[in-house]
Number of protein chains: 2
Amino acid sequence: MEDEVDRLVAAWRRERPDLDVEPLEVLSRVSRLARHLDRARRLAFSEHQLEPWEFDVLTSLRRAGAPYQLSPGQLLTQTLVTSGTMTNRIDRLTKKGLVERLPDPSDRRGVLVRLTPEGRDRADEALAGLLAQERAILAQLSRAQRGELAALLRRLTAPFDNIPG
Amino acid sequence: MEDEVDRLVAAWRRERPDLDVEPLEVLSRVSRLARHLDRARRLAFSEHQLEPWEFDVLTSLRRAGAPYQLSPGQLLTQTLVTSGTMTNRIDRLTKKGLVERLPDPSDRRGVLVRLTPEGRDRADEALAGLLAQERAILAQLSRAQRGELAALLRRLTAPFDNIPG
DNA sequence: ATCAAGTTTCTTGATATCGAGTATCTCGAT
DNA sequence: ATCGAGATACTCGATATCAAGAAACTTGAT
């Protein structure tokens, strides 16, 4: 089946036959799919009164394991936002009672963000819902195809995740 | 090579061995890669004094072909933003002299957004830069792998792009 | 002709994000 | 001991986004 990127690439080949737009076949699809996923996630989380950004922070803490705490800096590398954004997110989650801020005992510059019991429950509930939704989206592919797709994507993400990025 | 999603999935398997988190292998990589690409694009465009959102609108008009005009509604489906956002974007691009608003002759509710000559030049310059950057990112994959990756992604984007979405 | 339903774009208010700069602290070298 | 470079989280102002609803218009049915 055709998608919007097929149309986009065809249009460029018509308008700019001098350019090789092959890269768009992959990377425009990645960007557009991510936006579609954002919308779908927003909808799925609204049942749990959670915003996508709240989910991202809470689950980062959740999968760190007991006692469910990370530094703001560690949260940055997981969520790919700036430090100003993370400060703001922690403030708002604290006000909602889903996380709390603790001083880092080993570094007085540092702070530890800890999940509250309610925050943990909310994260667990929302995760189950998200996985169900994502499974439905991925039903377009066989198990083997999903594995292949994951492996190909890893080759593109790894350089960003490992080098300073 | 390992990436952040490998670590994320391993953490979930440790913390929630009862859940099947396989969907994350694909979709978390898509979301994270898109964020990395956003950052990279922002950097690449700053040489041309363009923001990513400006590029998206200008190139949508550019590849529509002469006379380089589309309705705000058509721009919505290409850029996946809300109508309020698009109104605001058109306002700002108009102020910068890169697009202009014309009344739609066949529908008095409607508006046509047209690229100015300067807008067209800016779009063309920035596109060349973007393609160079994307080619570098995709050098991790062979030509055949890129084709495979594009085909697999198409299966996921097509339902969003064709059904109402 | 008129009306109801649907469309197209715009307005508005709340909110989230970024970037740049700042204050505090750590740590290794001297 | 002290200094300077680097790390860490935060502040602040500017800006972009979204959601919901309003305004203007079209279209098809009566």
Side-chain angles (χ1 to χ4, degrees), chain A residues 31 34-46 49-58 60 69-96 99-114 164-165, chain B residues 31 34-43 45-46 49-58 69-96 99-114 164-165:
Chain A
S31 294
R35 284 197 69 78
H36 285 304
L37 292 173
D38 260 2
R39 291 183 167 187
R41 292 206 313 162
R42 189 176 302 275
L43 218 73
F45 291 147
S46 66
Q49 268 91 47
L50 271 190
E51 301 283 328
W53 65 263
E54 295 178 295
F55 177 84
D56 286 342
V57 176
L58 296 181
S60 293
Q69 58 189 23
L70 291 173
S71 70
Q74 290 173 308
L75 288 170
L76 291 192
T77 71
Q78 302 231 351
T79 54
L80 299 177
V81 296
T82 62
S83 70
T85 296
M86 187 51 68
T87 297
N88 188 17
R89 287 184 176 187
I90 297 166
D91 286 348
R92 287 174 279 155
L93 287 170
T94 300
K95 247 173 244 160
K96 291 180 97 177
V99 308
E100 55 189 343
R101 248 189 268 249
L102 306 172
D104 182 339
S106 69
D107 185 337
R108 268 182 296 178
R109 289 170 304 185
V111 166
L112 289 176
V113 182
R114 174 143 68 186
Chain B
S31 294
R35 284 195 70 76
H36 285 305
L37 291 173
D38 260 1
R39 291 184 168 188
R41 292 205 312 162
R42 189 176 303 276
L43 217 72
F45 291 147
S46 66
Q49 268 91 45
L50 270 190
E51 302 283 327
W53 66 262
E54 294 177 298
F55 177 84
D56 286 341
V57 176
L58 296 181
Q69 58 190 23
L70 292 173
S71 70
Q74 290 173 308
L75 287 170
L76 291 193
T77 72
Q78 301 231 352
T79 54
L80 300 177
V81 297
T82 62
S83 69
T85 296
M86 188 51 67
T87 297
N88 188 17
R89 287 184 176 187
I90 297 166
D91 286 348
R92 286 175 279 153
L93 287 170
T94 301
K95 247 172 246 160
K96 291 180 96 176
V99 307
E100 54 189 343
R101 248 189 270 249
L102 307 172
D104 181 338
S106 68
D107 186 337
R108 268 182 296 177
R109 290 169 305 185
V111 166
L112 289 175
V113 182
R114 174 143 68 185

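If you're wondering where the values come from, they're calculated on a predicted model, not measured in any experiment. Every chain is numbered from 1 and lettered A, B, ... according to where its sequence line falls, protein lines coming before strand lines.
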Asker: Using whole Å, report how far CZ of B:R89 lies from C1' of C:dT9.
Answerer: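 Distance, rounded to whole Å: 16 Å.
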Asker: Does A:S83 get its side chain close enough to the base of D:dC10, under 3.5 Å, for a donor-acceptor pair?
Answerer: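 Side chain to base: pair present.
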Asker: Between A:K96 and A:E54, does any side-chain N to carboxylate O distance fall below 4.0 Å?
Answerer: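 The answer is yes: the pair qualifies as a salt bridge.
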Asker: Taking B:V111 as the fixed residue, which of B:P103, B:S71, B:P72 is the one that meets the side chain to side chain contact (heavy atoms under 4.5 Å, CB included) rule?
Answerer: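 One option only clears the test, and that one is B:P72.
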Asker: Does a side-chain heavy-atom distance below 4.5 Å link A:R92 with A:N88?
Answerer: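 Yes. Closest side-chain heavy atoms under 4.5 Å.
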Asker: Is there a side-chain polar atom (N or O) of B:T82 under 4.0 Å from OP1 or OP2 of D:dC18?
Answerer: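 Yes.
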Asker: Between D:dA9 and A:R108, is there an OP1 or OP2 to side-chain N/O distance shorter than 4.0 Å?
Answerer: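 No, outside the criterion.
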Asker: Which of these nucleotides, D:dA16, C:dG6, C:dC18, is closest to any side-chain atom of B:R109?
Answerer: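 That would be C:dG6.
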Asker: Whole Å only: how far is the CD atom of A:Q74 from the P atom of D:dT8?
Answerer: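 Value for this atom pair: 10 Å.
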Asker: Please tell me if A:T85 has a side-chain N or O lying less than 4.0 Å from either OP1 or OP2 of C:dC18.
Answerer: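 Indeed, a polar side-chain atom of A:T85 lies that close.
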Asker: How close or far is atom P of D:dA19 from atom CE of B:M86, stated in whole angstroms?
Answerer: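 Taking CE of B:M86 and P of D:dA19, I get 14 Å after rounding.
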Asker: Between atom CG in A:L75 and atom P in D:dA9, what is the gap in whole Å?
Answerer: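 For the pair A:L75 CG and D:dA9 P, the rounded distance is 9 Å.
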Asker: Mind calculating the distance between CZ (A:R42) and P (C:dT15) to the nearest angstrom?
Answerer: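 In whole Å, C:dT15 P and A:R42 CZ are 14 Å from each other.
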Asker: Taking the side chain as every heavy atom from C-beta outward, state whether A:I90 and A:L93 have any pair of such atoms under 4.5 Å apart.
Answerer: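 Of all side-chain heavy-atom pairs linking A:L93 with A:I90, none is under 4.5 Å.
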Asker: Please state how far atom CG in A:D104 lies from atom P in D:dA7, giving the value in whole angstrom units.
Answerer: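 Interatomic distance, CG of A:D104 to P of D:dA7: 17 Å.
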Asker: If you assign each of A:G84 and A:R35 to its closest nucleotide in DNA chain D, which residue comes earlier from the 5' end?
Answerer: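 Result of the comparison: A:G84.
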Asker: Check whether any side-chain nitrogen or oxygen of A:W53 sits under 4.0 Å from OP1 or OP2 of C:dT17, and answer yes or no.
Answerer: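 For C:dT17, OP1/OP2 do not have a side-chain N/O of A:W53 under 4.0 Å.
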Asker: Using the side-chain heavy atoms of A:D107, tell me which of these nucleotides is nearest: C:dC25, C:dC10, D:dA16.
Answerer: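 Output: C:dC25.
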Asker: Determine whether A:Q78 and A:D56 make a side-chain contact, defined as any pair of heavy atoms from C-beta on separated by less than 4.5 Å.
Answerer: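 Of all side-chain heavy-atom pairs linking A:D56 with A:Q78, none is under 4.5 Å.
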Asker: What closest approach, in Å, do A:R89 and A:V81 show between heavy atoms, and which atom pair accounts for it?
Answerer: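 Closest approach of A:R89 to A:V81, heavy atoms only: NH2-CG1, 3.6 Å.
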Asker: Please determine, for the side chain of A:P72, which listed nucleotide (D:dA9, C:dC18, D:dT17) has the closest atom?
Answerer: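 From the listed options, D:dA9 comes nearest.
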Asker: Find the distance A:D38:CG to C:dA16:P and express it as a whole number of Å.
Answerer: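 Result: 15 Å.
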Asker: Examine C:dA16: is either OP1 or OP2 under 4.0 Å from a nitrogen or oxygen in the side chain of A:R92? Give yes or no.
Answerer: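 It does, given that an N or O in the side chain of A:R92 lies less than 4.0 Å from OP1 or OP2 of C:dA16.
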Asker: Check the distance between D:dT8's P and A:L76's CG and give it to me in whole angstrom.
Answerer: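 After rounding, the reported distance stands at 10 Å.
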Asker: Could you say whether B:I90 or A:N88 is positioned toward the 5' end of DNA chain C, judged by the nucleotide with the nearest heavy atom to each?
Answerer: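 Final value for this comparison: B:I90.
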Asker: Compare the minimum distances between each of D:dA9, C:dC10, C:dA16 and the side chain of A:T87, then state the nucleotide with the smallest one.
Answerer: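 That would be D:dA9.
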Asker: Of all the nucleotides listed (C:dC18, D:dC10, D:dC25), which has the minimum atom distance to the side chain of A:R101?
Answerer: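 My answer, after comparing the listed nucleotides, is D:dC10.
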